[in-house]
There are 2 protein chains.
Amino acid sequence: MGVIRITKSVKALLNAFAEQEVALSTVALVEQFQDHMNRSTVYRILERLEDEGILHSFTGSDGLTWYALGNKNLLSGKANLDTHPHFQCKDCGKTECLPMSVSIPDVSKHTVESVSLLLVGQCSDCASV
Amino acid sequence: MGVIRITKSVKALLNAFAEQEVALSTVALVEQFQDHMNRSTVYRILERLEDEGILHSFTGSDGLTWYALGNKNLLSGKANLDTHPHFQCKDCGKTECLPMSVSIPDVSKHTVESVSLLLVGQCSDCASV
DNA sequence: AATTTATTGCAACTTTGTCGCATTAACAAA
DNA sequence: TTTGTTAATGCGACAAAGTTGCAATAAATT
Ligand SMILES: [Mn+2]
Ligand SMILES: [Mn+2]
Ligand SMILES: [Zn+2]
Ligand SMILES: [Zn+2]
């Protein structure tokens, strides 16, 4: 793990995650910071922060890459959050980590190295409309 | 569900799925048929066949869309195969449906409408090398 | 065979993401 | 504080996956 410099752009991105506890998509972040940093900078910082274990990523139902605060910080202490499911609301798009473990189906013939579980539905806010 | 015409291209694509019992990615299919049909035709036929329930799709670890024979045909009779997991071999890329049901974690605050579970690892062929 | 319209080819376009390279700015050492 | 090192950034060009409008074509029906 190489040195990581806490640049203005890194601070800005980390701040975006600190405010909300939800996941943020690359597209949303690129748009949010389009006046403050270059698109490739956003992608590169996200990648770097994931390498450091500060963020983790997954693919949403839209095929986009989503990021959220990761193992080292917010979720530390809780069990086995390396592989946790994610929930995405099809109405408002809100996407979040689910703080629970995933039960892996038995596939004896294969070696399973990673699991990704995505639940899509309606969040509580959108359900109560 | 509109009328579906069994064109040469539709037959060719269905044939590709009939031969093998694995899932096929859009990219692989576009390449396989690049001399016989246009790229947009491939995408449009796949979409149409999925609407008809003949194929179903999911997103691979590569972010690509993968298709496999669906509910109405091959897998009919088996339990609840509407939501089944998929396995993708990180070595050879072979990707397949897992004929088992997915246990959905309890997210009482949300309404879950669909589940996608992807296992990534090493298939039996690649493990025995 | 004629008619209807679903399907296709084509080309242009969009979106997401990557890459090389010159410039800039963290950060540590002096 | 100044200087030196090099990680990080901006920029523009590029790539890959997928979409779209429209004219031409070919299934299916009569
Ligand atoms: Mn997460
Ligand atoms: Mn499947
Ligand atoms: Zn919602
Ligand atoms: Zn394999």
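Convention: sequence-line order gives letters A, B, ...; per-chain numbering from 1.
In this structure, of C:dT7, D:dG18, D:dT9, it is D:dG18 that holds the atom nearest to the side chain of B:Arg39. Distances were taken from every side-chain heavy atom of B:Arg44 (C-beta onward) to each of C:dC21, C:dG17, C:dT8; the shortest belongs to C:dT8. In the set C:dC19, C:dG17, D:dG18, C:dG17 carries the atom at the smallest distance from any side-chain atom of A:Thr26. Of all nucleotides listed (C:dT18, D:dA8, D:dA17), D:dA8 comes nearest to the side chain of A:Arg5. When each of D:dA27, C:dT16, C:dG9 is scored by its nearest atom to the side-chain atoms of B:Asn38, the top-ranked nucleotide is C:dG9. Nearest nucleotide to the A:Ile6 side chain, out of C:dC27, C:dG9, D:dA8: C:dC27.
Looking at heavy-atom distances under 4.0 Å, B:Arg48 makes contact with sugar-phosphate atoms alone, never a base. Counting non-hydrogen atoms under 4.0 angstrom, B:Val27 reaches the backbone sugars and phosphates but no base. Nucleic acid contact for B:Ser40: base, since at least one base atom lies under 4.0 Å from a heavy atom of the residue.
Judged purely by atom type and a 3.5 angstrom limit, B:Ser108 has no side-chain atom pairing as donor or acceptor with the backbone of B:Asp106.
Between B:Asp35 atom CG and C:dG9 atom P the separation is 12 Å, expressed in whole Å. Atom CG of B:Leu64 is separated from atom P of C:dT16 by 16 Å (rounded to the nearest Å). When rounded to the nearest whole Å, the span between CH2 of A:Trp66 and P of C:dG17 equals 12 Å. At whole-Å resolution of the value, CD in B:Glu47 and P in D:dT19 are 7 Å apart.
At the phosphate of C:dG9, OP1 or OP2 sits under 4.0 Å from a side-chain N or O atom of B:Thr41. In this structure, A:Thr65 reaches the C:dG17 phosphate: one of its side-chain N or O atoms is under 4.0 Å from OP1 or OP2.
Remark: the A:Thr41 side chain and the A:Ser9 side chain contain no N/O donor-acceptor pair separated by less than 3.5 Å.
Residues B:Thr7 and A:Ile45 both approach DNA chain D. Their nearest nucleotides, taken by heavy-atom distance, put A:Ile45 toward the 5′ side.
Nearest heavy atom pair, residue A:Ala16 against residue A:Leu24, reads O-CD1, 3.9 Å. Heavy-atom minimum distance, B:Ala127 versus B:Gln122: CA-OE1, 3.8 Å.
Of the residues listed (A:Leu29, A:Asn38, A:Val30), the one engaging A:Tyr43 in a side-chain contact (heavy atoms from CB on, under 4.5 Å) is A:Val30, and it is the only one.
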